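Everything quoted here is computed from the prediction, not taken from an experiment. Note that the numbering runs from 1 along the sequence shown for the chain.
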Amino acid sequence: MKRKLCTICFLILIVRFFIFVIWEGESYKASLANLKVISQEQDITIEGNVYQKKRGKNGLILYVKNNSYIRGIQSFPISKLIIYGASEESKVSIGDRLMLEGKLKLYENAPNPGNFDQRTYYAKDGIYGFLYADKVEILNHTKKVPEQFREILYQFREQWINRLSQYVGVEYTGLLSAMMLGSSGEMEADMKELYQKNGMGHLFAISGWHISFIGLAGYELLRRLGFSYGISGGFGICFIGIYALLVGMGLSVMRALCMMALKIGADICGREYDMPTAFAVAATIILCKSPRYLFDAGFLLSFGAVLGILIWMKILPGEEKVWLSGIRVSMAVQLMLLPVLVYFYYEIPLYSVLLNAFVIPLAGVILWSGFVGSITMLFGVWQPLYLCSICFELYERICVWTIRLPFARIIIGRPEFWQVFAYYVVLIAVYYFLSKSTYKKAVGCIVAAVFLLTFRYEDSLEIMMINVGQGDCILIQSPDGSNYLVDGGSSDVSEVAKYRIESALLSKGVGTLHKVVLSHADKDHINGVEEMLRRQAVGVRIKEIVIEKHSVDDVKMKQLLELAKSQNIKISVIEEGSFWGGEVKFTCLGPDKELEGLEGNETSMILRMEYGGFSMLFTGDMEGVIEEMLCDSKVLESCTVLKAAHHGSKNSCLDEFLAQARPAYTWISAGKDNRYGHPHQEFLERLKEHGSSYDCTYGEKPLYLKIKKQITYFYHKMAQDICYHSKMSQ
């Protein structure tokens, strides 16, 4: 009741969300519909104003607003866009009015559970599409002072980064520029992921900690020099405002800027600074800008960290011991953010609390050394920057060493909403017991909360055809806890393991694959697995690779197996008649072990899986010789689900094969608008003639299936289409 401003903020947010639900939902749909129509054209022309620039690996990345789609002599307004492909030589400045020509594309929703949802991420900023520019023409240079000032800051930052690279070296320039200037584009992707997997990724994003560290330092310095609150505060607010523009107005920067301005303002006015009120005002400003931020991981992590400190720091034990302060802060943040971290990132870096207690204080040393070194290097004195390099090398060694420790990464998977709710309910009891200093009961409740959040019970067989574009990848989760992957590759998605396969597996709680079965050596079946083998330290671990003997002599398969051996991964070579499993049984049906001289698609492993009355047939890219062999051998039996051979090509799964396999359902993995025309219309017609229903990933969705003892649930993840196949035998 004492915080009336918090109440006002709460009422403002209610009104803002009401407006969002009633009006902005339709506006969002209309914007998407307009862009979807425009994206069907081969090349388009638009005009727009640049409001932000970033350096990309392949040129400038431009953010444009006030856009118009030009068609003949007419123009139509469209939403904000991101422009790729502009060169540094184009001399585009922030605020310029541009004419752009190129191909427009829409950002897409996550193709699989756990994958990055581009559309949701960019929609919070009113951006729904992007354009690859073939032509960039400047129509008007800006004359507005604020935009010219932002361009000056951008050029200043780029020159700063270039100077740093001369003294720090390419290896650590990306790390230092990310920490000081918010420029993460120069960071090596592998290094960035290593820090993230250890729970240290926050160090290399400009956060509230950076703003507070820099802004308060200048403010307090002026106060100690005897300047008044007004002069010190005015300088401090201006300084952190300019710094915020320099590093980019990210979400955490906006929060910290608001809270810092209120703190300094309270000092100037002679009022007491109230952190909860500042927290509420900052959240209201950001959510009024876009209510979609409430569902954004960055918003929840940034504000959740502050909320955790507000709630838990007062009652966590050890306040009188200075050396415990880092651990107390880390524990307060982790208690609050654990469900958010698990929901969005699916794993817990077990040692992150201890690591952050060590590295956060050291980050202060890096920042001070970086800023001091940036000044002294103008006079040829680079030693402070050398200290930064030493610290980064220490960070890297710690990360490499920690990631190899037992249980360094606890893979949880994405929890259900009821589990997140239950966790926070139990935290209320934790707070009560800590406030009464009954620490044993508090620890017991923390254990119970973590158990509720991480609890998984499943007595069913689950199968998911992961959308990898033009390729094949199927995850099988057995009731006994074993996880299998049948193939894993793509010919049209780059880094398919990192961006499609692994994140989908982690979201399902799969941190270890007990067997990876490779049907044959085509790259659209194995290149993702090869990538996974190179990422064993930070990705999904593989225990065993299973191949069919006819694939052993393939050059690409040999290279993959050599890589697996270097990682001490077991390799099993099977042949026709080989089988494994218990309740879930796998049997290799072909190729015939007597056949010789097979190559390419002819070497595709034919695998049958059985669980109770359910069966599934995996056919790789089977065609011609192998299909005839199967039909002649009479080993085919009816199956519940058929994995379509060769992505549904014209000559796969011919009439005789379908007549013997008699699939009730057929799954097809094919990329959207692929150049091969998969799945072919003749193939689909054959399925219809033989009474088999079918569905295809088409580059837009995974296919999901859950088998219990008596009922099979076919769940098409994106289409929300559920049907039941009952009367499964015990």
S369 (side chain) donor-acceptor with V365 (main chain) under 3.5 angstrom: yes
Note, C6 side chain near T277 side chain (heavy atom, < 4.5 Å): yes
Non-neighbouring partners of Q536 that pass side chain to side chain contact (heavy atoms under 4.5 Å, CB included), sequence neighbours left out: R541, I542, Q567, I569
Listed pairs under 3.5 Å, donor-acceptor, residues 425-452 side chains, sequence neighbours left out:
unit_1 : atom_1 : unit_2 : atom_2 : d
S435   : OG     : Y431   : O      : 3.3
S435   : OG     : Y432   : O      : 2.5
T438   : OG1    : F433   : O      : 3.0

Working for side chain to side chain contact (heavy atoms under 4.5 Å, CB included), residues L385 and L176: CA-CA 9 Å; L385 296 176; L176 186 58; 4.1 Å; yes
Pairing residues for E220 by the salt bridge (Lys or Arg N to Asp or Glu O under 4.0 Å) criterion, not counting sequence neighbours: none
Minimum heavy-atom distance R500-N112, with the two atoms named: CD-ND2, 3.8 Å
Under 3.5 Å donor-acceptor, R16 side chain and L11 backbone: no
Y499 and F116 aromatic centres sub-6.0 Å: no
Side-chain H-bond candidate by donor/acceptor type, D125 with Y293, under 3.5 Å: yes
Partner set under side-chain hydrogen bond (donor to acceptor under 3.5 Å, both in side chains) for E462, not counting sequence neighbours: K508, Y704
Audit row: M532, R535, side chain to side chain contact (heavy atoms under 4.5 Å, CB included) steps and yes/no: CA-CA 5 Å; M532 291 173 72; R535 293 169 43 81; 5.7 Å; no
Exercise: identify the closest heavy-atom pair between V372 and P384: CG1-CG, 4.3 Å
Salt bridge (Lys or Arg N to Asp or Glu O under 4.0 Å) partners of K124, counting only residues at least two apart: D296
For C399 against M200, the heavy-atom pair lying closest together: SG-SD, 3.7 Å
Under 3.5 Å, side-chain donor or acceptor atoms of residues 338-347 against the rest of the protein: list the pairs with distances, not counting sequence neighbours.
unit_1 : atom_1 : unit_2 : atom_2 : d
Y346   : OH     : G114   : O      : 3.0
Y346   : OH     : R414   : NH2    : 3.3
E347   : OE1    : R409   : NE     : 2.7
E347   : OE2    : K197   : NZ     : 3.0
E347   : OE2    : R409   : NH2    : 3.2

Any donor-acceptor N/O pair, S482 side chain to S478 backbone, under 3.5 Å: no
Sub-4.5 Å side-chain heavy-atom contact between I707 and I463: yes
Side chain proximity check, M259 to F279, heavy atoms < 4.5 angstrom: yes
Aromatic ring proximity F303/F299, centre distance under 6.0 Å: yes
Side chains of F18 and F20 in contact at under 4.5 Å (non-hydrogen atoms): no
